[in-house]
Structures are given as C-alpha cells and as structure tokens.
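Given the structure is predicted, the values throughout are model-derived calculations rather than measurements. Positions are given from 1 along the sequence.
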Amino acid sequence: MTELFLSVFNRGIEAGCLICAVICARFLMKKTPKKIICILWLAVGVRLLCPFHLESEFSLLPKGQIGIQNTKDVLTGGKTLADAADSDTGHGELSENLTNEKGFHHELNNKESAGSKTSAAFLAGAWPRVINAAAYIWLAGIICFSAYMASSWHFMKRRTAQAVPAEFEGTVFYQCGGIQTPFLFGMLSPKIYVPFSVSGQELFYVLKHETAHKSRRDNWTKPAGYLLAVCYWFHPLVRAAYILFCRDLEMACDEKVISELGSGCKKEYSRALLACSVKKNQVIAACPVAFGEIGVKKRVKNILKFKKASFGTLFAASVISLLIIVCFATRPGSGAVQNAEPGAENSEARTGSRTSSEAYTGGEAPAGSAASSKTHAQNSKNHTGNGNARTADRTTTKTQTDSHTMADREELSDIMKNVLKWAEVFCSRDGTEAEKMLTEEMRVKLMDGRSFGWSSPWPWESGVMGEEPNYRIVSADSRTAVILYYAWTSDPHVTVWQQTITYSGRTDGFLIDGMSMEYFDEIATAEEFYKAYPDGVIKNTRMDYISNGTYEALNQNALLSSTDIYRTLSKPDTAAVYLLNLASQADTDCTERGGHMIVTVTFEKDHSLAEVEMVQPDGENGIWIPRTDAKR
C-alpha cells in the first residue's frame with residue numbers, strides 16, 4: 001500500500017508540471033477550438049494513469065528522481081534520513097594511508113554531531129509510520145469518494161427508471177419527470193434524458209448537444225476523469241484540472257453544434273442553454289454529461305464569440321499542444337548527459353558499470369585508473385580446489401611514489417591539499433570554485449553555467465549528509481589523483497564512483513586538465529569490485545551501513561515494508577548483491593567459515609571471483625549487511 005501511494009504521489013508531482021502548462025496554454029489560446037484543449041487534458045489523464053513515462057531530449061522536467069522515492073526521502077529534500085546522521089567513516093583511515101605513503105598528513109575535522117545523529121535516527125524510525133498512515137488516509141479518501149459516486153449513480157438510475165421513450169426528428173431520447181436539466185447518462189448504452197418541460201426549439205438544441213457528447217464518447221471520458229480525480233483527491237492541481245476539463249468538454253460540444261448548424265443559431269442556442277441551466281442548489285451527481293450543468297455564463301460568451309478556426313490557427317494550436325506534451329509529459333532521456341562532466345561530449349548512458357577512462361586525458365590512462373587495477377581480475381581467479389578457500393589475491397591501488405626529497409614532499413603536500421579541495425568542490429557542486437581549479441578547456445567541457453552535476457544520487461559534501469566527507473583519495477602523485485566518491489540514493493543506498501583527474505605543474509598553480517569517471521552501480525567483474533572497494537574492505541568505510549549511520553533506517557524499512565527491495569536484505573547473498581551494487585547475473589555461494597558468513601561471488605561476465613563477509617547485527621530478526629574486515 002505504501003509503495004502504491006508513493007507511486008501515485010510521485011506521478012502527481014510530475015503531472016502537476018503538465019497541468020500548469022495546460023492551464024497556461026488554455027489561458028493564452030482563448031481562440032483555439034476547445035477540442036484541442038481537450039486533447040491536452042487527455043494527455044494529462046494519460047500521464048496520471050500510466051506508471052511509466054516516455055523519454056525525450058526536449059523534456060523540460062528536471063533530471064533525476066522526482067518526488068518521494070521511499071518512506072524517508074521527503075524530510076531530507078531528496079536525501080535519505082539516515083544520511084543526516086552520517087558519521088564514523090573511513091576518512092581517518094584515508095589520512096593514515098596517505099601519511100604512510102607520502103610522508104604528509106592532512107588534518108580534517110572528524111567530530112561527530114550526537115544531536116544530529118539522534119534526530120536522524122528518530123526520524124528514520126518515525127517516518128515509515130507517517131508514510132504508512134498517509135497511505136491509509138489516501139485509501140480512505142478513495143473509498144469515500146468512490147462510495148459517493150456509486151451511491152449517486154444508483155440514485156440517478158432509480159430516478160430515471162420510469163423515463164418514457166420518445167423521438168424527435170429521428171433522435172431517440174427519454175422524458176423524465178424527476179430531473180430538471182437534460183443530460184446523457186450511461187456507459188455501455190448511453191441515453192439522453194430530458195425533462196417533460198423541454199420542448200420545441202429548446203429540445204432541438206438539447207438533443208444536438210447531447211448527441212455531440214455521445215459521438216465524442218464524453219460519457220466515457222468524464223467519468224474516467226472523475227475516477228482519476230478520486231485517485232488524486234489530495235492533489236489540488238488535479239482537482240482544478242478536472243473542473244476545467246469538464247468546462248472545456250461542454251464548450252467543445254457547444255462549438256461542434258454551432259459548426260454544424262452555422263453561426264445563425266448562436267442566440268437561440270444560448271437561450272436554450274440558459275433555459276436548461278442547473279440551479280445553484282441542484283447537484284448533478286454520478287458524472288452524467290448534463291446540458292446546463294457547468295459554467296453557463298462562460299459558455300454563452302464562448303458561443304457568441306465563436307468563429308470557425310482557420311487552418312493557420314488550427315496548425316499553430318496543434319504545434320503548441322504537441323510541444324507542451326513533449327516538453328512536460330516526458331522525462332529527460334536516460335541517455336542524456338548525466339555524469340559528473342555536464343556539457344561533455346559523447347557521454348555514455350548511465351547503465352551498468354560505466355567507464356570513460358580516456359575522457360579528456362588526451363592519452364593513456366593515468367596511474368591508479370582502470371589499467372592499474374587489472375591485477376584484481378587476474379588474481380581473483382586463483383582459488384583452491386575444495387571450493388571453500390576460493391580467496392581472491394587482492395592488491396590495493398596505492399600511491400605510486402619513489403623516495404622524495406623534502407622539497408618533493410612539500411610539493412606533494414600542496415598538491416594533496418588541492419586534491420582534497422577539489423573533492424570538496426565536486427561534492428558541493430560549487431561551480432564558482434570549480435572554475436578556478438580547471439583549465440580553460442576543461443571549463444568549456446565541464447561547466448554548465450556556474451554549476452555542474454545532478455541532484456540525486458550525489459556524493460553530498462560534508463555538513464550536508466553528515467560530518468564525514470563522501471569521498472576517499474585512493475592515490476595521488478605529482479600528476480594524477482584517483483578519488484572514490486560515495487553517492488547516496490534514497491533507499492538508503494550507496495553507490496561508488498571513481499574519478500581520475502590529471503593536473504598541470506604550471507607556475508600559475510593547480511589546474512585540472514583531464515578527467516574521467518567510472519560508475520560502479522552494476523559491478524560485473526572482480527576488477528570493478530576491487531576498484532570500488534579497495535582490498536575488498538567494507539568495515540569502517542562509507543559502504544559500512546553501520547558506520548555510515550543508515551543501518552537502523554534500512555532495518556526499520558525492511559521490517560515495515562514487504563517490497564522486493566527489502567526482502568532481498570533477509571538473505572546474505574541477495575543482500576550482498578543489492579547493497580554492494582553487483583550485477584544481478586552474478587552467481588553467489590554462501591558458506592560459514594570460522595564463525596563468519598562468507599558470500600563468494602562469481603561474476604558471469606568473466607567468471608572472476610570476489611568474497612564478502614556478511615553480518616546480521618540484530619540477529620535472525622534483522623537484515624544482512626556487508627562488513628568485510630581488513631583481515632580478510
């Protein structure tokens with residue numbers, strides 16, 4: 001129920017943009033035939049109804065995720081609740097590693113905000129209950145509005161049960177004494193019901209109008225619109241859209257009748273409409289298509305001003321309507337530029353484990369990049385024949401350095417400060433500071449205005465998602481640095497990006513002149529696995545769901561939700577695949593070894609191996625998470 005509610009809620013947010021566009025177009029295109037506006041409302045209905053969306057490069061909707069992606073997302077502006085409590089990550093380990101290799105140490109603030117963590121933990125536990133309650137309130141509203149429609153429909157059936165069939169100029173209709181205005185009622189076999197008081201010329205125009213409704217299948221579209229409004233009863237824009245749609249529906253039929261009979265009948269038609277208008281204290285229920293139910297004054301004005309549209313007007317209105325649908329009813333294409341290098345050419349679609357190792361480098365891959373990590377895939381194949389000792393011989397990609405003089409170390413220390421500064425700038429998406437650290441060529445390739453990057457997922461900067469940074473410097477020398485970024489999605493979930501930057505040794509300071517990105521969101525080989533998780537270590541890194549503060553929220557969601565995502569966390573092998581972003585085609589084998597649960601992953605792509613230690617912090621009633629220690 002919760003997932004269904006969130007799905008409807010998110011579609012409502014996306015459709016809200018289209019509704020606003022249609023309302024604006026409706027206001028600006030007053031002379032446009034209302035049948036074209038009705039087509040726009042039909043596009044709104046399709047967008048509200050369909051759980052999927054079309055993609056277009058011309059879409060004006062924001063890229064990335066829209067709305068609430070799970071039961072915690074809304075309170076943190078599109079970020080996970082537990083992200084706000086991030087602490088105790090592996091940055092201290094990073095500093096120590098770099099100190100041993102380079103002989104320098106960069107002090108960072110590693111303080112933990114206890115109040116922030118406590119608050120986030122409270123929200124993480126309470127928010128699923130809030131969303132569940134909202135879902136049941138939403139369901140209760142649907143039941144109430146649906147019950148009202150069903151009861152009023154039944155009431156209308158009873159009221160018209162004694163109607164007497166009649167015929168006027170070849171049109172069959174039914175006369176009824178229990179109604180005050182004509183209307184078309186019924187789904188499979190719609191009938192025109194007219195009060196006994198309507199006759200003569202008024203009857204002629206009434207029958208023409210209701211026949212137009214019947215030929216347009218409005219007896220289907222109006223109830224369908226009502227049901228959509230019931231489903232989105234909490235959404236004010238959807239309710240407004242339904243009201244405006246009903247008005248345009250009536251005006252479209254008015255225009256159809258005037259077009260068929262000629263402009264000479266405008267005054268008589270308007271008099272008939274006023275004579276059959278619904279009184280203020282009368283309510284037409286059950287969504288019949290009533291002749292004088294909605295906006296009679298505006299309809300009369302529209303009738304008197306109506307002129308048959310020229311070909312140019314129809315063509316322009318059709319083009320504008322098509323543009324509105326393409327720009328606001330579609331989402332940006334997944335193949336669009338959505339990497340850390342906005343504006344870059346030839347970017348790859350963000351599917352699988354993506355790489356652009358030669359992007360902007362102008363030569364061979366730098367040290368620490370994909371080429372320097374190939375030994376993982378080769379070494380991972382060396383395993384013993386008994387099947388239980390299949391352990392990958394892993395080597396860590398570390399800083400490549402010779403013995404340095406004091407001057408060399410001071411230079412590297414300055415470079416390291418700039419590398420750390422760049423990582424912070426990248427995480428904060430600070431376009432102004434980024435421009436200062438890029439060569440002119442790189443500014444042109446990377447910058448889009450004064451910012452870059454997308455909203456989510458993203459490795460948020462320190463202070464936004466916790467005290468600790470969401471990056472790790474894997475290696476750095478006088479020319480090249482390799483940085484791992486930990487990007488947060490809204491499950492809570494963490495994916496890993498590897499960025500390789502090259503920088504110049506110019507006298508004008510530290511300037512980045514090359515960059516490549518690799519995204520480990522569907523790891524398909526052991527080589528990629530050990531690049532994303534150096535040495536295979538998970539414990540006390542940002543991938544440690546205990547250390548990064550998200551375990552409680554994740555475990556709470558698994559207890560409250562029955563969705564497939566959280567069911568995967570109840571088993572060590574499926575939990576390892578999901579939480580470590582492994583390709584779903586990978587084979588897994590669980591074995592207990594030395595009191596530890598070990599998941600051996602065999603990647604289908606090259607049959608390479610990786611091992612993960614899984615733990616169950618809350619025992620049998622809790623979820624499994626990866627927590628491979630450095631000892632493994």
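Nearest heavy-atom pair across Ala575 and Met614 is CB-CE, 3.9 Å. Minimum heavy-atom separation, Phe5 to Ala134: CE2-CB, 4.0 Å. Closest heavy-atom contact between Tyr530 and Leu609: CE1-O, 4.0 Å. Nearest heavy atom pair, residue Cys17 against residue Phe328, reads O-CD2, 4.0 Å. Heavy-atom minimum distance, Ala576 versus Val599: CB-CG1, 4.4 Å. Nearest approach of Ala583 to Val577, heavy atoms of both residues: O-CG1, 4.1 Å.
The distance from atom OG1 of Thr591 to atom CE of Met597, rounded to the nearest 0.5 Å, is 7.5 Å. Distance check: Leu582 CG to Asp587 CG gives 12.0 Å after rounding to the nearest 0.5 Å. Note that CG of Leu61 is 6.5 Å distant from CZ of Arg331, once rounded to the nearest 0.5 Å. Taking CH2 of Trp624 as the start and CG of Asp618 as the end, the distance is 12.0 Å to the nearest 0.5 Å. Separation of atoms OH (Tyr485) and OG1 (Thr495) is listed at 13.5 Å; rounding is to 0.5 Å. Phe426 contributes atom CZ, which lies 7.0 Å from atom CE of Met515 (distance to the nearest 0.5 angstrom).
For the side chain to side chain contact (heavy atoms under 4.5 Å, CB included) with Tyr533, the lone residue among Val612, Asn581, Thr541, Leu484 that qualifies is Asn581.
Thr439 and Arg443 are not linked by any side-chain donor-acceptor pair at a separation below 3.5 angstrom, with hydrogens and angles left out of the test. Side-chain polar atoms of Asp544 and Tyr551 form no donor-acceptor pair below 3.5 angstrom. The closest side-chain donor-acceptor pair between Asp589 and Thr600, if any, does not fall under 3.5 angstrom.
Proximity of Arg472 to Arg542: side-chain heavy atoms (C-beta onward) are nowhere separated by under 4.5 Å. The shortest side-chain heavy-atom distance between Glu518 and Gln499 does not fall under the 4.5 Å cut-off. Residues Ile598 and Cys590 are not in side-chain contact: their nearest non-hydrogen atoms beyond the backbone lie 4.5 Å or more apart. The side-chain heavy atoms of Met543 and Val496, taken from C-beta on, include a pair separated by under 4.5 Å. Taking 4.5 Å as the limit, every side-chain heavy atom of Pro626 sits out of range of all side-chain heavy atoms of Lys539. The closest side-chain heavy-atom distance from Lys531 to Val474 is not below 4.5 Å. At a threshold of 4.5 Å between non-hydrogen side-chain atoms, the residues Leu579 and Ile625 count as touching. Between Val537 and Thr628 there is no side-chain heavy-atom pair separated by less than 4.5 Å.
Side chain of Gln616 to main chain of Gly622: a donor-acceptor pair is present (N/O by atom type, distance under 3.5 Å, no hydrogens or angles). For the pair Ser59 (side chain) and Thr330 (backbone), a donor-acceptor distance under 3.5 Å is present. Within the 3.5 Å criterion, the main-chain N or O of Thr480 finds a donor-acceptor partner in the side chain of Tyr503.
Between Glu527 and Lys605 there is no salt bridge, since no side-chain N of the basic residue sits under 4.0 Å from a carboxylate O of the acidic one. Salt bridge annotation for Lys436-Asp430: absent, with no cationic side-chain nitrogen under 4.0 angstrom from a carboxylate oxygen.
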Hey, mind stepping through Gln498 and Met517 against side-chain contact (heavy atoms from CB on, under 4.5 Å) and telling me if it holds? CA-CA 6 Å; Gln498 179 179 278; Met517 294 291 294; over 6 Å; no
Please walk me through it: do Arg627 and Glu613 pass salt bridge (charged side-chain N to carboxylate O under 4.0 Å, His left out)? CA-CA 6 Å; Arg627 216 160 189 249; Glu613 179 182 338; over 6 Å; no
Mind running side-chain contact (heavy atoms from CB on, under 4.5 Å) on Val494 and Tyr545 for me, showing each step along the way? CA-CA 9 Å; Val494 188; Tyr545 285 85; 4.0 Å; yes
CA sep, side-chain torsions, deciding dist, call: Leu438, Leu511, side-chain contact (heavy atoms from CB on, under 4.5 Å): CA-CA 5 Å; Leu438 299 170; Leu511 290 174; over 6 Å; no
Is there a side-chain contact (heavy atoms from CB on, under 4.5 Å) between Arg479 and Asp513? Walk through the geometry before answering. CA-CA 10 Å; Arg479 180 74 178 110; Asp513 56 16; 3.3 Å; yes
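Checked against a 6.0 Å centroid threshold, the rings of Tyr486 and Tyr471 do not count as neighbours.
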